[in-house]
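Everything on this sheet refers to the single structure shown next.
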Amino acid sequence: MNNSITLRDIAKALNLSTSTISKALNDSYEIGEETKKKVIAYATEHHYVPNRMAKGLKQGRSRSIGVVVCSLDNNFVAQMLDGIDKISTGKSYQIIIMQSKESQKQEIACIDLLYSGGIDGLLISPACETTDFSYLKNLQQSGLPMVLFDRLTDQIDTHKVGADNFKGAYDATMHLINNGFSRIAHLNTNTKLSISTDRLNGYKQALTDQKISFNPAYLRSCDYTDTHKLNEDLEEAIQYYMALPEPPDAIFTATDQITTRCLSLLNKLGYKIPQDIALIGFTNTELADAMNPALSTIHQPAFEIGQLAAEKLISLIEQKHREVDFETIKLETQIMVRASTHFFKTQLND
C-alpha cells in the first residue's frame, strides 16, 4: 500500500494552497524564501516523493528511457549502464533496461515492449545479428528519439557514441610489432557490426604501415551468439593456428569474451604466454592484473560512452522539434601493457 504524502497533504498541513506548495518545491521566484524553507522542511521530514507519472503527463512525457543491450552478463556493458544511469538519474529520467541476447528477433520484441510503454527515447547497442535497421528507422521517423552507443551503423542518421575501435586495434597491433612480434593472428567475431570491421581494419592498417604482409591464415572468426559455441570455435582456432607451418607468435583478440577465454584456453592447452605466444585484446575486465599471466588489454571508456549517449538522447528528447546536427563521437581507447605481451621477442629467445 502506498502511504506517501501528496501536495494536497502538505498544503493542508501548512495551511497553504497546493499551487504554493508546488511552486515552492520547484524553487519558483514567486515564493518567498521563508515559505520555501518551511515547505521543503515539511516535505523532507515526511518523505514526500513527486509523482513522476503525474508530472510526466503534465509535461507530455513519461520521463523514461528505454535501453537495449546485448547482454547484462558483461562487465563492459555494466560499466556503460552505470554511465547511462548517472546522467539519467541526474536529469530525473528513469531507465528501463532490456537485453537482446544478440538476437534481432528478441531485440525487436524488447523495443516493441518499451515503445508501447511510452518511453521518451531509446538508447540501443544493436544485437550482432542485426543487419537490417529499417525497423529502427521507421520508429525514428514516427518521432521516437534514439541514440546508438558502442555498436554503430551508417544506416541510421542520429547521434552515435562509441570507442575509436580502429585506433584501438591499430595501437594494439603496433604494440605487438614494436615488441618484436611479426606473425600476428587476429581473432574476431563473425558479425558485420562496425566494432568488428573497424578492429579488423585497424589491425590490417598497422601491418601495412610496418610493411608486414597480411596473412589470411592468421584471421579467424568466432560465433558470438552462443557461449558453448564460442568456446568450441576458440579452441579450434588456437589448435589451427599452432598447427600451421609458421604458427603466429602473437594473437590480437577483438572482444571481451574472446580475449579472456582465449587466455584461459591457451593456459589449458599448455602454451606459455608470452614465451610461446603473446596475447592482447579488447576487454574492460578488472581482473586483468590477477590473470595468469597478467593480461595486456585495450581498455574502452565504457562509463563515458554511457554518459555521453544518455546526454545526447536527453538533448534530443527535450529539443526534438528543432533541427539537430547529428554527431558520431568516438572516444579514445587506452592500452594497458602487462605480462602477456611485456617481453621483447629477443629476450624470449635468450
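Note that these values count all heavy atoms, side chains included, but never hydrogens, waters or copies made by symmetry.
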First locate atom CZ of Arg261, then atom OG1 of Thr283, and finally report the distance between them rounded to the nearest 0.5 Å.
11.0 Å

Answer with yes or no whether the hydrophobic clustering places Leu200 together with Leu279; edges join I, L, V, M, F, W, Y residues whose side-chain heavy atoms lie under 4.5 Å apart.
yes

Taking atom types as modelled, is there a side-chain donor on Ser134 or Asp132 under 3.5 Å from an acceptor on the other?
yes

Asp233 (side chain) donor-acceptor with Asp223 (main chain) under 3.5 angstrom
yes

Whether Tyr241 side chain and Ala185 backbone form a donor-acceptor pair below 3.5 Å:
no

Polar contact flag, side-chain donor to acceptor under 3.5 angstrom, Ser71-Glu102:
no

Between OG1 of Thr259 and CE of Met291, what distance do you get to the nearest 0.5 Å?
9.0 Å

Minimum side-chain heavy-atom gap Leu265-Tyr271 below 4.5 Å
no

Could you go through the side-chain hydrogen bond (donor to acceptor under 3.5 Å, both in side chains) check for Asn201 and Tyr170 one step at a time?
CA-CA 8 Å; Asn201 290 335; Tyr170 182 92; over 6 Å; no

Check: Gln99 main-chain N/O paired with Gln106 side-chain donor or acceptor under 3.5 Å:
yes

Is any side-chain heavy atom of Pro145 closer than 4.5 Å to one of Leu313?
yes

Find out if a path of hydrophobic residues (ILVMFWY) with successive side-chain heavy-atom gaps under 4.5 Å connects Ile305 to Val69.
yes

Ignoring hydrogens, what is the shortest heavy-atom contact between Val68 and Cys110? Give both atom names and the distance.
CG2-CB, 4.3 Å

Single-linkage hydrophobic cluster Ile317~Ile119, side-chain heavy atoms < 4.5 angstrom:
no

Do Glu235 and Asn231 have side-chain N/O donor and acceptor atoms under 3.5 Å apart?
no

Here's a test for you: under side-chain contact (heavy atoms from CB on, under 4.5 Å), which of Thr35, Thr20, Ile21 qualifies with Leu14?
Ile21

Check the hydrophobic clustering (I, L, V, M, F, W, Y; side-chain heavy atoms under 4.5 Å; chains of links allowed) and say if Ile251 and Ile335 are grouped together.
yes

Check for a donor-acceptor pair, side chain of Glu107 on one end and backbone N or O of Ser100 on the other, with a separation under 3.5 Å.
no

Do Arg220 and Tyr240 form a cation-pi contact, if we require the NZ or CZ to be under 6.0 Å from the six-membered ring centre and within 45 degrees of the ring's axis?
yes

Output, in order, the C-alpha distance, side-chain angles, deciding distance and verdict of salt bridge (Lys or Arg N to Asp or Glu O under 4.0 Å) for Glu332 and Lys167.
CA-CA 8 Å; Glu332 286 189 16; Lys167 184 65 162 51; over 6 Å; no

Give me the atom names and distance for the closest heavy-atom approach of Ile40 to Ala24.
CD1-O, 4.4 Å

Please round to the nearest 0.5 Å and tell me the distance separating atom OG of Ser125 and atom CE of Met80.
5.0 Å

Does NZ or CZ of Arg199 fall inside the cone over Phe282's six-membered ring, less than 6.0 Å from its centre and within 45° of the axis?
yes

Quick one: do Val67 and Ile96 satisfy side-chain contact (heavy atoms from CB on, under 4.5 Å)? Show the steps, please.
CA-CA 6 Å; Val67 184; Ile96 306 169; over 6 Å; no

Any side-chain heavy-atom pair of Thr333 and His299 under 4.5 Å:
no

What I'd like to find out is whether the side chain of Thr341 reaches to under 4.5 Å of the side chain of Pro274, using heavy atoms alone.
no

Which pairs with one or both residues in residues 36-49 pass salt bridge (charged side-chain N to carboxylate O under 4.0 Å, His left out), sequence neighbours excluded?
Asp27-Lys36, Glu33-Lys36

Testing the 3.5 Å rule here: is there a donor-acceptor pair between the side chains of Thr260 and Thr285?
no

State yes or no: do Leu114 and Phe133 share one hydrophobic cluster built from I, L, V, M, F, W and Y residues joined by side-chain heavy-atom distances below 4.5 Å, directly or via other members?
yes

Between Tyr203 and Asn188, do the side chains contain a donor N or O and an acceptor N or O under 3.5 Å apart?
no

Derivation of the salt bridge (Lys or Arg N to Asp or Glu O under 4.0 Å) call for Glu318 and Lys91:
CA-CA 11 Å; Glu318 297 182 350; Lys91 295 284 188 177; 5.7 Å; no

Nearest heavy-atom pair of Ala43 and Ile10: which atoms, and what distance?
CB-CD1, 4.0 Å

Would you say the side-chain atoms of Asp120 pair up with the backbone N or O of Ser62, donor to acceptor, closer than 3.5 Å?
yes

Under 3.5 Å donor-acceptor, Asn215 side chain and Ala217 backbone:
yes

Do Val161 and Leu148 make a side-chain contact, defined as non-hydrogen atoms from C-beta onward lying under 4.5 Å apart?
no

Exercise: do Arg151 and Ser194 side chains pair donor with acceptor under 3.5 Å:
no

Residues, nucleotides or ligands: over 12 heavy atoms within 6.0 Å of Glu246 CD:
no

If only atom types and distance count, is the side chain of Arg338 paired as donor or acceptor with the main-chain N or O of Ala294 below 3.5 Å?
no

If you measure from OG1 on Thr189 to CG on Leu230, what distance do you get to the nearest 0.5 Å?
10.0 Å

Would you check if Leu7 and Leu25 make a side-chain contact, meaning some heavy-atom pair closer than 4.5 Å?
yes

Rounded distance (nearest 0.5 Å) linking atom OG of Ser296 with atom CG of Leu176:
8.0 Å

Could you please spell out the steps behind the side-chain contact (heavy atoms from CB on, under 4.5 Å) verdict for Cys222 and Asn190?
CA-CA 6 Å; Cys222 305; Asn190 56 354; over 6 Å; no

Beyond-backbone contact of Ile65 with Ile314, side-chain heavy atoms, under 4.5 angstrom
yes

Hey, is the main chain of Leu263 close enough, under 3.5 Å, to the side chain of Asn267 for a donor-acceptor pair?
yes

Where Ile273 and Pro293 come nearest, the two heavy atoms and their spacing:
O-CG, 3.5 Å

Can you tell me if Asn284 and Gln79 form a side-chain donor-acceptor pair at under 3.5 Å?
yes

Look at the side chain of Asp9 and the backbone N and O of Thr6, then say whether any donor-acceptor pair between them is shorter than 3.5 Å.
yes

Under 3.5 Å: donor-acceptor pair, side chain of Arg183, backbone of Pro247:
yes

Test item: side-chain donor near acceptor, Ser17 and Ser19, under 3.5 Å:
no

Show the nearest heavy-atom pair for residues Cys70 and Val77, with the distance to one decimal.
SG-CG2, 4.0 Å

Ala288 and Thr297 have their tightest heavy-atom pair at CB-CG2, 4.1 Å

If you round to the nearest 0.5 Å, how far is CG of Asp249 from CG of Asn179?
11.0 Å

Indicate yes or no: at least one non-hydrogen side-chain atom of Tyr115 is less than 4.5 angstrom from one of Ser142.
yes

With a 3.5 Å cut-off and no angle check, do the side chains of His175 and Asp171 form a donor-acceptor pair?
no

Taking ring pair (Phe, Tyr, Trp, His ring centres under 6.0 Å) as the definition, give me every residue that meets it alongside Tyr135, ordered by chain and number, with sequence neighbours left out.
none

Donor-acceptor list for residues 81-89 side chains, cut-off 3.5 Å, not counting sequence neighbours:
residue	atom	partner	partner atom	Å
Asp85	OD1	Thr89	OG1	3.3
Ser88	OG	Ile84	O	2.8
Thr89	OG1	Asp85	O	2.8

